[in-house]
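Quick notes on the structure that follows.
Just so you know, ligand 1 is whichever comes first in the structure, and atom 1 is the first atom listed for that ligand. We're numbering straight along the sequence, starting at 1.
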Amino acid sequence: MIKSVAEKYAFETGVYRPPSEGGSNSLLVRLTRNCPWNRCTFCGMYKTEKFQVRSVAEIKQDIDAMAAVRDDLAALSRRSGQGGEIGHHAAMALIEKNPELNHHQGFAMLYHWLLSGGKTVFLQDANSIIMKTDQLVAVLEYLRKTFPSLVRVTSYARSKTVMQKSLDDLKAIRRAGLDRLHVGLESGDDAVLKKIQKGATAEIHIKGGQKALAAGFQLSEYWMPGLGGKARWQDHARNTARVLSEINPHYIRSRPFRSWPGTPLAREIAEGAFEMLTPAEQLRELRLTMQELSVTGRVCFDHAGNYWKDPQGRHLFTHGYEGYQFPQEKQTVLDLIDEGLMAGNRQQTPLTHL
Ligand code: SF4
């Protein structure tokens, strides 16, 4: 069957991906739509549609469409004497031939991925490993075969889903080409986890994280300074440090808590049932977390939400995706926090959610 141009280039792109995947111009390949849990009280993502697992056939069609764009760009480049190298001329020629690409949701993302060398992929949306293992393996193998330039494929994952998969299944997924899992830990304190309805306990986080590592994944764990509020900041800090130390992931990423309008937690704040920390109090909590943390991975502040400033008015921490190597740079981070506390971060107001 001959496909129309619109069909040939049609693929779906979701909204969310970790900042580090934006920094590496990752190709976004959508395996599921939205979040299968969708109950965390601080979270405003994926609220408009129901969760769906996409079929393997549908995902393969998307991969084929992306490959068709790549191949047609390379062919146009060869035809204009540029030796198949994808660049501005080929892109403009393709858009001229197919003006509907001006309105294509994912064309710019795909083009920038190709320009950057086509090295990394992020599987959307919130928990791709919830797919049946054989289906996920089929998608990964097809993706790797279609794009041999790939060096890294990553996905969000819930600790509970990692726990529910067998180690053999996780290893099969890893072998098929999924390299890194991004896990939302948020807190290691059971009372906080229960209150925010994370659907995971500290034990599930520890066992899930350790299992992901045993299967051979690189692991990124995200936590939220400030999520315990004034009532539980010390327990939140100490237990988060304890849980992260027991997991010892490759990356620990700070996402300071900010109120997201319309969420249950935002309503609790408005009603006075949850008292947010001030920026200086968040820093003090961060200091306690860092002090108690005993890991050998990298601690990163790779998001604009890490807003604290140094005495010169610059960001306190690097927002780089590789952050600080622990334990070697632990004292550096503690010294920076002390600088931030001296710089009067109490006057600064947390950003609204980006
Ligand atoms: S699991 Fe993640 S995406 Fe889903 S509701 Fe919780 S924070 Fe939001």
Requested in this report: Can you spot which of T278, D338, L341 makes a side chain to side chain contact (heavy atoms under 4.5 Å, CB included) with L283?
Outcome: L341
Query raised in the report: Are F42 and ligand 1 in contact, using a heavy-atom cut-off of under 4.0 Å?
Result: yes
Query raised in the report: Relative to the ring of Y222, is the ring of H182 parallel (under 30°), tilted (30 to 60°) or perpendicular (over 60°)?
Result: tilted
**Report entry** Which of the ligand 1 atoms, numbered from 1, are nearer than 4.0 Å to a heavy atom of K198
**Finding:** 1 (S), 6 (Fe), 7 (S)
Query raised in the report: Should you measure from each heavy atom of R39, which atoms of ligand 1 turn up under 4.0 Å away?
Result: 5 (S)
Query - Any donor-acceptor N or O pair under 3.5 Å, side chains Y251, E322 - result: yes
Query - Student check: side-chain heavy atoms of L27 and L150 closer than 4.5 Å - result: no
Query raised in the report: Would E285 and R232 pass as an ion pair if we require N to O under 4.0 Å?
Result: no
Report summary line: For Y142, the ring pair (Phe, Tyr, Trp, His ring centres under 6.0 Å) test, sequence neighbours excluded, returns none
**Report entry** Proximal protein heteroatoms (N, O or S) of atom 8 (Fe) of ligand 1, under 2.8 Å
**Finding:** C43 SG
Query raised in the report: Salt bridge check: are R255 and D302 linked by an N-O gap of less than 4.0 Å?
Result: yes
